[in-house]
Every structure is written in structure tokens, then in C-alpha cells.
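As C-alpha cells, the structure follows; a few thoughts come after it.
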Amino acid sequence: MFAKEKIDQILDSYKDFKIATICSHSALQIFNGAKQYGVKTIGICTEKSRELYESFPYAKPDEFIMVDDYSKIPADELVEKEAILIPHGSLVEYTGDGIEDLAIPIFGNRSSLIYEKNRDKMFEWMEKSGLKTPRILKPDEIDGPAIVKFPGAKGGKGYMVVNNPEEYYSKVKEGAKTMIQEFIVGVRAYMHYFHSFDGEAGYKTSYGRVEMMGIDRRMESNADEIARQLSVGANIPISFTVMGNQSLVLRESLLPQYMEMARGVCNSSQNLFGGMHGPFCVETIVTDDLEIYSFEISARIVAGTNILETPYSLYTHGKDYTTGMRIAEELKEAFNKKKLKEIIY
Amino acid sequence: MFAKEKIDQILDSYKDFKIATICSHSALQIFNGAKQYGVKTIGICTEKSRELYESFPYAKPDEFIMVDDYSKIPADELVEKEAILIPHGSLVEYTGDGIEDLAIPIFGNRSSLIYEKNRDKMFEWMEKSGLKTPRILKPDEIDGPAIVKFPGAKGGKGYMVVNNPEEYYSKVKEGAKTMIQEFIVGVRAYMHYFHSFDGEAGYKTSYGRVEMMGIDRRMESNADEIARQLSVGANIPISFTVMGNQSLVLRESLLPQYMEMARGVCNSSQNLFGGMHGPFCVETIVTDDLEIYSFEISARIVAGTNILETPYSLYTHGKDYTTGMRIAEELKEAFNKKKLKEIIY
Amino acid sequence: MFAKEKIDQILDSYKDFKIATICSHSALQIFNGAKQYGVKTIGICTEKSRELYESFPYAKPDEFIMVDDYSKIPADELVEKEAILIPHGSLVEYTGDGIEDLAIPIFGNRSSLIYEKNRDKMFEWMEKSGLKTPRILKPDEIDGPAIVKFPGAKGGKGYMVVNNPEEYYSKVKEGAKTMIQEFIVGVRAYMHYFHSFDGEAGYKTSYGRVEMMGIDRRMESNADEIARQLSVGANIPISFTVMGNQSLVLRESLLPQYMEMARGVCNSSQNLFGGMHGPFCVETIVTDDLEIYSFEISARIVAGTNILETPYSLYTHGKDYTTGMRIAEELKEAFNKKKLKEIIY
């Protein structure tokens with residue numbers, strides 16, 4: 001892991017700062033948000049994607065750094081340009097374990113990404129946060145529908161559902177590293193939050209405040225249209241590749257519980273790895289008893305925030321307000337108050 | 001039922017007014033709307049929920065009245081503070097029949113809530129409004145999929161589907177009070193309206209005008225993800241607990257019919273119980289022949305309005321515009337024109 | 001086909017212009033957009049629909065031309081009023097082949113509508129555009145779930161799914177004109193675009209630029225709630241009548257491909273029939289391998305744009321921005337630059 005002291009030294013050298021990210025996932029939103037707060041932006045981009053990012057005048061980065069491959073983050077060049085890197089799902093996926101060693105300031109806490117990538121650590125974190133989670137099963141414990149997950153955050157691709165140990169053994173290659181979760185019956189809701197080092201709104205945590213930003217539901221191919229196949233008797237296995245997101249709102253009476261959950265996640269993260277900063281998401285399922293099960297925490301901006309419209313951020317900020325805007329505002333405030341080191345690693 | 005004359009006396013004593021409601025359901029939206037029109041707000045709140053309502057600067061009530069339990073509305077204190085109570089689904093549920101006797105001005109007509117809570121009266125109202133409704137069946141008349149509803153507006157929890165009389169008798173406890181409705185095959189759309197005593201826009205009714213505000217579809221756990229269970233052969237019964245809402249728009253060619261329906265509901269309500277005022281909703285299903293079946297009227301703001309974004313209110317008001325804003329604007333106008341008594345009981 | 005030279009003569013005679021369309025489909029959005037750019041509007045309307053279009057102050061046409069029947073477009077009167085007709089799905093459906101002979105300027109290229117209405121031409125167009133399409137099958141080639149479409153754009157009504165030749169022959173009347181498409185397993189996403197003769201944003205095409213406007217998913221009755229029927233063992237055939245639309249966002253990494261697709265569609269349309277102008281839509285399905293299949297192009301505004309809210313138009317125009325606004329802005333700019341003839345036929 002690249003040393004925190006060295007990141008602090010880099011930050012000490014910054015006279016100003018720019019927002020940089022990989023041109024994918026939620027980059028349009030991040031660039032658009034930065035523009036609204038007058039923060040300059042850098043798009044780390046492949047030739048294939050450049051034209052897209054040039055085609056939106058209000059979401060186009062101020063400059064591009066072209067790369068062949070998103071696994072190679074040009075850290076030196078970014079530091080020279082006084083960049084702060086915004087991590088998102090594609091960045092986490094492309095850089096893999098390499099993200100820990102990146103010699104560039106990353107918004108948030110890179111230690112959190114280790115928890116995001118490791119399923120055992122994830123469940124430890126969720127438990128210490130007081131979240132209700134699906135049971136994790138050994139193959140022989142499968143006693144009903146269970147979801148089998150393979151390592152890596154590849155947008156849900158390759159997830160499988162099995163109903164009993166026999167089905168597991170017949171479908172999963174021997175020796176494969178899998179996590180088996182009880183299939184919780186209910187409806188999914190992915191709650192987006194933002195932790196601020198000194199936000200005026202939100203729930204107080206042990207090291208700042210947490211705000212509710214919005215809610216989405218991931219759209220998964222083919223799971224979200226499987227009913228059409230079923231209805232015609234087609235025998236097609238279900239799959240869970242995330243292809244997009246839709247907005248929803250939740251029963252207002254559930255919100256206090258979601259806020260408590262977020263506070264739990266923030267406070268436990270301080271104990272476990274020094275705290276989280278900026279956007280995060282808790283992926284949940286609401287059962288018909290209105291129990292909230294959590295099955296994942298994303299310790300950075302999620303693509304679901306791309307839906308933009310949400311009552312919750314409006315109620316906090318008094319205007320249409322995105323997670324991209326929130327990131328830029330937070331960094332600007334921290335920069336002005338000389339607090340960047342508290343929220344960057 | 002608390003006498004209308006006494007409510008009018010209370011209103012006569014008001015030098016100004018505040019908007020009050022229970023901190024649940026659509027309270028954030030109601031408070032946010034009031035703030036935009038400079039109307040002061042009171043949140044009737046339990047300890048458990050207070051922090052949530054304090055955490056949104058633009059949706060936080062100006063003051064709280066703390067209660068142990070939402071079934072106890074502190075009427076005297078509210079009247080002293082010159083409050084007008086905004087009824088929503090949670091208020092109706094928590095106060096039960098007690099709402100009829102509340103010694104406090106309620107926006108709209110408390111008589112309408114009697115129709116909302118009583119299924120026989122509801123069907124009488126829908127028929128007199130000219131709405132097409134699903135057939136109501138006796139147990140022995142069940143000749144295909146039918147939905148069995150139990151008394152109380154508990155967010156759809158405990159609804160059941162049966163296919164024939166035998167299934168009904170085997171699943172429903174003897175003596176249980178149920179309503180059995182034909183299961184209409186189609187897609188649900190819940191249309192939000194607002195009746196104004198002198199709105200300039202909308203369809204003319206016998207005592208004002210009705211506007212189209214927006215449309216949602218309730219998200220029900222586990223019904224809205226039942227396909228995932230079905231696809232893996234899991235034998236899980238369907239349930240209909242409302243856990244949230246999603247926005248949609250309807251074919252524009254259906255809108256004239258929806259407007260006629262709303263006018264029918266308003267006009268018949270005047271004959272039946274002296275008229276409705278403010279927000280209401282007609283819950284419908286659109287079949288593949290584009291027939292519109294109605295299965296419920298909600299005679300007050302519905303939680304589906306929490307989605308906020310809608311083209312229909314934009315086309316009426318020329319800006320982003322919520323039902324919460326509409327309530328505040330209506331009350332302010334009625335107050336200024338000394339017409340509060342016409343729209344409050 | 002009414003001659004292009006005659007349309008140009010009509011345009012030469014215009015001192016100013018108004019936007020006209022049939023009061024259905026997306027007319028509220030079109031009128032609302034025009035109002036925002038100060039363009040006068042004409043609603044071609046039946047008695048039945050007039051009250052609806054009068055009830056929205058910000059989407060009401062400036063004047064009405066009343067008709068008995070939408071198949072009769074009063075061309076002379078419209079030309080006299082210096083109208084430009086905006087084609088939408090209902091206009092295409094109601095006028096049928098007659099649209100080719102309408103003696104009135106139509107925004108876009110009326111030749112494109114011939115391609116939209118003819119399935120063979122449609123598939124030729126999609127192939128020449130480089131789109132991946134579902135296989136088109138002869139009845140005897142049906143080797144899995146296949147969708148059977150009947151002629152006419154009647155909102156999906158009457159589409160059928162069959163699994164093998166036997167099922168096809170037993171369900172389809174002998175001699176019926178059908179198109180049989182492989183049933184692609186995935187999730188639908190309908191991408192809205194706008195081609196501009198000289199837009200500053202978007203992807204360059206051979207004769208202008210193409211912008212991404214937004215995405216919807218059509219809601220089909222009963223297909224979008226078929227799971228509820230299935231779960232209770234009800235034996236109800238699936239149907240695909242479009243009754244509304246819902247908003248979604250796509251994985252950002254798919255957007256470059258969608259932009260390439262749009263450019264392909266525009267460029268091939270120039271070769272095939274002289275180019276497309278204004279709004280259009282490519283209807284797609286995203287598989288669990290993130291392959292994008294296209295199954296239709298709509299060469300004019302689609303009703304899915306009625307959802308209004310979209311990040312993509314915000315990123316292009318820097319504010320809430322609808323396809324209705326885009327149409328008015330484009331026509332105004334073309335009028336001022338004396339380029340109307342390039343984008344009207």
C-alpha cells in the first residue's frame with residue numbers, strides 16, 4: 001500500500017487541484033458536477049471513448065490524458081497536473097489490486113476499497129455496522145434458493161442461482177472460489193449516501209456527517225425481463241449482468257432505518273480502516289415484512305447515481321443536486337479549509 | 001364526527017396558519033413544498049424519527065411536537081399554534097376511526113376518508129364516478145385469479161391471490177372479513193390529481209377544477225421481483241407489501257379518459273359527501289385492450305407523489321412542481337381569499 | 001409522394017413559421033418545447049381531446065384546428081397559417097400511406113417514414129447502418145422463442161410469441177402478413193437521439209451532428225406484469241400493448257457504442273433516402289453479454305421522450321432539456337439561417 005505520508009506530501013505540494021477520473025462508469029456526472037463548481041477536470045481516456053466524452057459540452061473534461069488501457073493510470077502526469085483521482089466502479093475493476101499502490105491522491109480512503117473487493121472483509125464490515133445480512137452458506141448448507149457469486153466486481157455477470165447442494169456441485173467447477181448467499185426474497189433498493197467531513201446536513205457520525213443522496217435499482221440482463229421468457233415457456237437460465245439503473249423512492253417510514261444503517265457503516269469503517277469519505281452505497285433488499293437486508297457496500301460512487309433526479313438531495317441542498325456536484329463541493333471546501341488530507345488517501 | 005361548525009369556529013379564530021402533519025409517508029415533500037411558499041410547518045414526530053426530519057435542511061419542519069405514538073394527535077396544541085393538518089396515508093392508518101373526531105382543521109374533507117376506509121362505500125363511490133372497476137366476487141363466484149384483500153390500509157401487506165373457491169376456503173380463516181376482486185390482467189398506473197377550489201388550469205368540476213399532477217407505480221415486495229424467484233423454481237407465494245414507488249408516463253391518448261375519470265370522482269364526491277379538496281389518486285390497471293380499470297381511490301396525498309418529477313405538473317405550472325408545493329399554494333390562496341372554510345373539514 | 005420542390009416553394013412563401021401537430025402521442029411536450037422558444041403552435045385536435053390540451057397552460061397550443069378524424073390533416077389551412085408539421089407516432093399511424101402525399105412541410109424527411117413502416121426496408125436500413133439485429137425467420141426456421149409481428153405500428157398490440165413452426169401455424173391465420181423475429185433475451189433500452197444540421201455538440205455525421213437525448217423502456221400490457229400472473233399459476237398469454245414509458249440510464253461504457261450506432265443510422269439514411277433530421281430512436285435489447293441488438297428504428301419523436309428527465313440532454317445543453325425544446329430550437333435556428341429546406345420535407 002502506498003504510504004499515507006507520501007500522499008500527504010503530494011497534497012502539500014498542490015497549489016490548486018483538479019478532478020480526474022477514468023472515462024467510464026459515472027465520469028460524465030463527475031465532470032458535470034465539477035464544472036458547476038468551477039473545478040477543472042481531467043479525463044483519463046482511451047481512443048475508443050474519447051469522442052463520447054467530447055460530445056457533451058457540459059460533461060466534457062477540460063483536458064484528456066490518453067491511455068491504451070484503463071489498468072494503467074499515469075500517476076506521475078496526474079500528480080504533475082495537481083489531480084485528485086475520483087474512484088468509481090470501473091476504476092476499481094480496471095486497476096485491481098494495483099489501486100492500493102497508486103502514487104496519486106485518491107478521494108476517500110483507498111483502504112476501503114480492500115474491504116469492497118474482499119467478500120469476507122465485506123461481511124465483517126457489514127456485521128460490525130449492524131446491518132442485517134443474508135446468511136453466507138457452505139455448499140452443503142444450501143437449503144433453498146441461493147445465489148452463487150464469483151470473485152471480482154464484473155457487474156453481476158456470471159452470478160448463478162442454485163437450490164440445493166447437488167445443483168451447486170453440478171454447476172460449479174471444482175475448486176472455484178465462490179461465495180454462496182441465501183437468496184433473499186423481496187425488492188432491491190440501492191441507497192446512495194455521502195459522508196462529509198463537516199457537512200451541515202445529515203446524520204452525525206463519529207467523524208463527520210452522512211447525507212442521503214438518492215436510490216436506484218440496478219437493471220440486470222436478463223433477470224429484469226426474465227418474466228417474458230418464463231411466460232412463453234422458454235427454458236433460459238437467469239443472469240445478472242448490470243446494464244443500467246432506474247430511479248425509485250422508498251416508503252418514508254423506512255428512511256430512519258436507512259440513516260441508522262449509514263451511520264453504522266461510517267462509524268465501523270473508522271474503527272476498521274480509518275473511515276470512509278465521500279459517496280458510498282448500501283445495496284439492500286426489502287422483504288414483504290419490510291425487513292432491510294444488506295448484501296454489499298460500495299465504498300465509492302455507484303453508477304446508480306447517474307439517474308441524477310432524487311428528492312433526497314433536493315431536500316438537503318434545495319436544488320437539483322447530483323453526487324457529482326457533491327464531490328466537487330466537498331473537495332473545494334476541504335481545499336479552502338486546508339482539510340484535504342483528512343478526506344484523501 | 002366532529003362538527004363542521006366547530007371547525008369553522010376554529011378557522012375563524014386563526015390570524016394566520018401553519019401546515020402540520022405526522023412525520024412519515026410524504027411529510028418531507030409536504031414540508032419542502034410549504035417552505036417554498038413561505039408557510040410555517042409543524043412536524044408531529046416520534047423520538048425515533050426526529051433525527052431524520054432534522055437532517056434535511058429544505059424539508060425540515062419549523063417546529064416539532066413530539067409524541068409517543070402517532071395515534072395520538074395533540075389537537076389542542078395544534079389549534080393553539082393555528083395549524084391545518086394535512087392528512088396522508090400514515091395519518092389515516094394511525095388515527096383509524098379517530099380521525100373523524102379530531103378537533104382540528106383538516107385540509108380536505110374528513111368525510112372522504114370514511115369512503116376511503118370502507119370498501120363497500122369505496123365501490124359505491126367508484127361506480128357513481130363512472131369508473132370501470134374489477135368485479136367484486138363472493139367466495140363461490142371465484143372463476144379465475146382473484147385478489148383477496150383484508151381490512152385496513154396496511155400498504156398491501158397480506159393480500160392474497162386465489163384461483164378458485166376451494167383455494168379461498170383453504171387459505172382464508174373462517175369468518176375473516178375479506179373483499180375478493182377479480183385479478184385484472186394489465187399494468188398498474190396510479191394517477192395523481194389535485195382538486196382546487198379555483199384553479200385556473202385543469203378540468204372544470206361542479207365545484208372547482210381538477211389538475212393532473214403525475215403518475216407512479218407502487219413497488220410491491222415481493223411481487224415486483226417474483227419473476228426472479230419463479231425463474232429458479234422457488235415456490236414462494238406472491239405478496240404485495242408496498243415498499244416504494246417508481247415514476248412512469250402514460251400514452252398521451254389515454255389522458256383525456258383519465259381526466260374524465262377525475263372529474264367523475266370529484267362530481268360524485270360532491271353528491272355523496274360534500275366534495276373532495278386537494279390531492280387524490282385513482283389507482284388503475286391498463287389492460288392490453290387499453291381499457292382502464294380502477295380499483296381504489298385515495299382521497300388524500302399518496303406516497304407515489306414522492307417521486308416528484310413529472311411532466312404533467314410542469315405543463316400546468318411551468319416549472320418543477322410537487323404536490324407538496326400545490327398544497328401550500330392552495331392553502332395560501334384560500335387563506336388570502338378567506339375561502340379556507342370551503343376546503344377544510 | 002408529394003414533390004420536394006413543391007414543399008420548397010411553400011417554405012419560400014413562409015414569412016414566419018408555426019409548429020403544428022396532432023393532439024396525441026407527444027404533442028404536450030412538443031407544444032411545451034415550442035413555448036419555451038417563443039414559437040407559436042397549432043393543435044390539430046378532435047372534440048374529444050380538446051379539453052385535455054386546453055387544461056395545461058404551459059403545453060396548450062396557441063390555436064386549435066378542429067378535425068373529426070386524425071386521418072384528415074387540413075393541409076391547406078396549415079400552409080396558410082405557415083405551419084411546419086411535426087410527425088409523431090400517432091400521426092404516422094393515423095395518416096398511413098397518405099403522409100407521403102401531404103401538401104405541407106413536414107419536419108424531417110417524409111421518405112424516412114416509408115422505411116419506418118415497411119419491415120423489409122427497416123431491416124435493410126438497420127443492416128446498412130451496421131446494427132446487430134435479431135435474425136428474421138421464415139415460419140419453418142423457428143427454432144426457439146420468436147416474436148411474430150403484424151403490419152402497422154399499433155403500439156405493439158397483437159404481437160405474439162411462438163416457440164416452433166407448429167405453434168406458428170396453429171396460431172397465425174393462413175395468408176397473414178407477418179414478420180418473425182428471433183426473441184432476443186435481455187433487457188430493453190430505447191435510445192432517443194436528435195440529428196441536427198449544425199449542432200455544436202454530439203457526433204459528427206456525413207451531414208450534421210447527432211446528440212444523445214435520453215433513454216426509456218416501453219411499458220407493455222400485460223408483458224410488464226406477466227410475472228404476477230405466472231406466480232399464481234394463471235394461464236394468460238403474454239401481450240405487448242404499449243401503455244406507457246419509464247426512464248432508465250445505461251452503463252456508461254455502453255454509450256460509445258450507442259453513439260456509433262446512431263452515426264451509422266444517420267449516414268446510411270443519407271445514402272438510402274437523403275438523410276434524417278430531428279429526433280429519432282433506436283429500439284434495442286441488451287443481452288447478458290452486453291451485446292446490443294436493435295430491432296427497430298423510429299424516424300421521428302417517440303413517446304418515450306415524454307419522460308422528460310434525462311442526464312444526457314442535461315450534459316449537452318446544461319439545463320433540463322426536452323426533445324420538444326430541441327425541435328423548436330432546431331427549427332428556429334434553421335429558419336434564421338435560411339436552412340429550413342435542408343431539414344424539411
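Letters A, B, ... mirror the listed sequences (proteins, then strands); counts begin at 1.
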task = Report the C-alpha separation of Asp320(C) and Leu314(B) in whole Å, then their side-chain angles, then the decisive distance to 0.1 Å, and conclude whether the side chain to side chain contact (heavy atoms under 4.5 Å, CB included) test is met.
result = CA-CA 12 Å; Asp320(C) 285 348; Leu314(B) 173 74; over 6 Å; no

request  = Could you walk me through whether Arg228(C) and Glu220(B) pass the side chain to side chain contact (heavy atoms under 4.5 Å, CB included) test, one step at a time?
outcome  = CA-CA 11 Å; Arg228(C) 292 162 178 251; Glu220(B) 296 168 340; 2.8 Å; yes

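Contact check for Glu252(B) versus Tyr53(C): side-chain heavy atoms found under the 4.5 Å cut-off. When side chains are defined from C-beta on, Arg263(B) counts as touching Glu51(C), because their heavy atoms get closer than 4.5 Å. A 4.5 Å side-chain heavy-atom check between Ser55(C) and Met259(B) finds at least one atom pair inside the cut-off. Between Leu308(C) and Pro311(B) there is a side-chain heavy-atom pair separated by less than 4.5 Å.
Taking every heavy atom of both residues into account, Ser221(C) and Gly186(B) meet most closely at OG-CA, 3.3 Å. When every heavy atom of Met243(C) is checked against every heavy atom of Ala189(B), the shortest pair comes out as CE-CB, 4.3 Å. Of all heavy-atom pairs spanning Val242(C) and Leu290(B), the tightest one is O-CD2, 4.0 Å. Residues His317(B) and Tyr58(C) approach most closely at C-CE1, 3.3 Å, considering heavy atoms.
A distance of 12.0 Å separates CZ in Arg251(B) from OG in Ser26(C), rounded to the nearest 0.5 Å. To the nearest 0.5 angstrom, Gln246(C) atom CD is 5.0 Å from Arg217(B) atom CZ. One distance of note links CG of Leu28(C) with OG1 of Thr316(B); it measures 9.0 Å at 0.5 Å rounding. Of the inter-residue distances, the one linking Leu248(B) atom CG with Asp216(C) atom CG reads 11.5 Å to the nearest 0.5 angstrom. In this structure, CD1 on Ile226(B) lies 13.5 Å from CD1 on Ile226(C), to the nearest 0.5 angstrom. Here the CD1-CG distance, from Ile184(B) to Asn222(C), works out to 12.0 Å after rounding to the nearest 0.5 Å.
With a threshold of 4.5 angstrom between heavy atoms, Glu260(B) approaches chain C through side-chain atoms but not through N, CA, C or O. Of the two parts of Arg209(B), neither the backbone nor the side chain holds a non-hydrogen atom closer than 4.5 Å to a non-hydrogen atom of chain C. In this structure, the portions of Gln29(C) lying under 4.5 Å from any heavy atom of chain B include both its backbone and its side chain. At a 4.5 Å heavy-atom cutoff, the contact between Asn306(C) and chain B is made by backbone and side-chain atoms alike. With a 4.5 Å cut-off on non-hydrogen atoms, Lys48(C) touches chain B through its backbone but not through its side chain. For Leu255(B), the parts lying under 4.5 angstrom from a heavy atom of chain C are both the backbone and the side chain.
Of the residues considered (Ala59(C), Cys23(C), Ser24(C)), Ser24(C) shows the highest number of contacts with chain B, using heavy-atom pairs under 4.5 Å. Between chain B and the options Ser247(C), Ala223(C), Pro57(C), Gly304(C), the largest number of non-hydrogen pairs under 4.5 Å is found for Pro57(C).
Taking the six-membered ring where the residue is Trp, Tyr312(B) and Phe56(C) present tilted rings, their angle falling between 30° and 60°.
Atom CG of Asp69(C) is surrounded by more than 12 heavy atoms from other residues, nucleotides or ligands within 6.0 Å.
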